[in-house]
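Contents: one structure, followed by commentary.
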Amino acid sequence: MSPLLEVTDLRVAFGRSHREVVHGISFALEPGERLGLIGESGSGKTVTALAVMGLLAENAYVSGSVRVGGRELVGLRDRDLAPLRGQAMSMVFQEPMTALDPTMPVGRQVAEVLLLHQHLGHGVARGRVIEVLAEVGLEDPERVADAYPHALSGGQRQRVVVAMALINRPDLVICDEPTTALDVTVQAKVLNLLDAELDAVGASCLFISHDLAVVSQLCERVLVMLDGDIVEQGSLAQIFNSATHPYTRGLVATARLDAVEPGERLPTVEDYYQRQVRR
Amino acid sequence: MRRAGLWIGVVLVAAVILAALVSLVWTPYNPLQVQPTQTLRPAGWPHLLGTDGFGIDILSRLLVGARTTVYVGVAAVSLAALGGVPLGVLAGMRGGWVSEIVLRVSDILYAFPALLLAILLAAAVGASTGTAMVAIGIASIPAFARVARAATLIVMTQDYILAARASGTSRWTTSVRHVLPNIAAVLGVQASVSFGIAILAEAALSYLGLATPPPTPTWGRMLHDAQTYIFTSPVQALWPGLAIALSVLGLNLLGDGLRDHLDPRLREAA
């Protein structure tokens with residue numbers, strides 16, 4: 001089976017000085033697979049995700065290859081890419097507070113994603129929106145559909161965002177730290193929801209996080225990204241049991257808090273990996 | 001307190017618009033009729049605000065003058081918004097050289113005084129209400145472009161813009177559906193401030209004889225005419241001056257009030 005998403009030697013640089021932040025990374029994602037992309041802030045995770053979506057700012061220089069379903073996306077014009085977004089691939093964002101337009105009822109925002117890619121009557125679209133809002137576990141979906149984002153809680157908003165990402169049954173869903181802004185109980189609920197919904201839709205998922213514990217709940221395989229390079233990749237078991245890169249070992253230690261004796265200092269990544277100051 | 005300002009603004013602006021509308025169907029006296037026997041009457045009965053040096057009823061002239069004020073204000077602000085907002089949003093969304101060009105062009109326009117533009121236009125096509133509208137409108141484009149660009153830049157950093165784009169919304173649709181509604185509050189404020197500036201500019205231009213030609217009454221023209229009697233009958237200048245000041249004040253209060261009112265988050269909190 002050919003991979004659904006194939007990234008080869010992806011490089012991203014910014015600005016007039018062409019400062020490179022992603023240094024030629026390669027990975028592949030099989031249909032239905034869930035791949036975790038883990039790394040700290042500034043390691044290039046989000047830039048990688050946006051490069052796949054073709055959503056980087058004008059001052060970004062992307063080279064290498066991104067293929068989705070065999071189709072090359074790097075170098076494609078925006079108007080050719082737009083029909084793929086939301087249809088073949090979609091994205092769940094980190095901040096539920098800002099990922100919804102404050103001037104529009106959330107139902108209309110979800111409907112917009114649907115209507116962009118399918119020609120439906122507004123009545124049909126609304127019915128489908130309410131269906132999907134119910135699917136993502138929102139109580140009283142009719143009322144939620146007519147509510148403005150500020151009237152919803154963070155967890156409710158994130159469910160709406162998930163509904164937007166999944167309503168067109170995309171092949172690939174990129175989740176960019178979808179639970180980071182949520183408290184732990186809501187985080188667990190949203191993760192369960194994502195798990196169930198991804199299965200229901202049969203979508204592949206590129207799951208970005210800085211938290212190995214979160215990634216391990218959802219993904220079978222993990223990429224570890226550090227300063228714009230993929231330093232390690234493998235199955236969850238490999239990463240947990242036989243990580244070779246010291247940074248990965250640090251991540252594993254911080255994800256296994258149950259292994260820490262009471263009273264002992266909690267491990268940090270720095271115990272395992274000291275960054276060289278680069279000029 | 002904030003609400004009070006908004007309501008005073010609404011009342012003042014409504015009064016100007018009402019005066020303009022009323023003047024279309026009724027004025028106490030014919031605002032063009034010269035009555036040599038009735039010159040410079042003090043305020044009272046039957047001329048509520050008195051008469052001017054030609055014996056024309058001042059209240060009637062004020063009412064008809066409001067019409068020109070509203071015409072010019074609406075037309076100039078619409079022209080400025082239609083020209084400035086798309087440019088500003090474009091500059092804010094695209095950045096780079098597009099933004100540079102828009103900013104430099106608006107700088108050039110900004111440096112060019114509305115008055116000078118009006119004099120040029122008046123010399124080229126003659127002084128008229130239209131000349132004033134176009135001159136004030138063009139001169140107000142840079143303010144709209146800058147405000148729209150600044151507001152768009154802020155909106156563009158929000159995830160919902162990225163989310164809309166990630167859902168396959170085109171740049172154009174994104175700008176209409178997500179950028180414009182989110183900068184509408186700021187633009188509304190700018191519109192009412194610009195309206196106030198346009199009223200002042202229109203008064204200045206017609207005072208100088210560069211806008212609506214006589215005999216059509218305008219507030220600026222009335223000020224000009226009152227100048228002759230400033231020592232004998234100073235109250236002549238009071239009425240058009242008051243009309244101009246109160247409408248500008250009303251528009252500024254309205255703008256401030258709107259800014260608070262249009263923001264859905266603030267609305268909920270209030």
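So that the names make sense, note that chain A is the first sequence line, chain B the second, and so on, each numbered from 1.
Taking the side chain as every heavy atom from C-beta outward, B/Tyr160 and A/Pro149 never approach each other to under 4.5 Å. Side chains of A/Val113 and B/Thr169 form no contact here, defined as non-hydrogen atoms less than 4.5 Å apart. Between A/Glu95 and B/Gln158 there is no side-chain heavy-atom pair separated by less than 4.5 Å.
Closest approach of A/Ala99 to B/Ala163, counting heavy atoms only: O-CB, 3.7 Å.
By the 6.0 Å contact criterion, CZ on A/Phe14 is enclosed, its count of non-hydrogen atoms from other residues, nucleotides or ligands being greater than 12. By the 6.0 Å contact criterion, NE2 on A/His18 is enclosed, its count of non-hydrogen atoms from other residues, nucleotides or ligands being greater than 12. The local environment of CZ in A/Arg126 is crowded, with over 12 non-hydrogen atoms from other residues, nucleotides or ligands closer than 6.0 Å.
In terms of heavy-atom pairs under 4.5 Å with chain B, the best-connected choice from A/Met97, A/Arg79, A/Met104 is A/Met104. In terms of heavy-atom pairs under 4.5 angstrom with chain B, the leader among A/Gln94, A/Gln109, A/Met89, A/Glu112 is A/Glu112. Interface check for chain B: of the options A/Leu81, A/Leu100, A/Asp101, the most heavy-atom pairs under 4.5 Å are formed by A/Asp101.
With values rounded to the nearest 0.5 angstrom, A/Leu55 atom CG is found 12.0 Å from B/Ile161 atom CD1. Distance check: B/Ser167 OG to A/Gln87 CD gives 11.5 Å after rounding to the nearest 0.5 Å. A distance of 8.0 Å separates CG of A/Asp78 from OG of B/Ser170, quoted to the nearest 0.5 Å.
At distances below 3.5 Å, not a single donor-acceptor pair connects side-chain atoms of B/His178 with backbone N or O atoms of A/Thr103.
Neither the backbone nor the side chain of A/Leu84 comes within less than 4.5 Å of any heavy atom of chain B.
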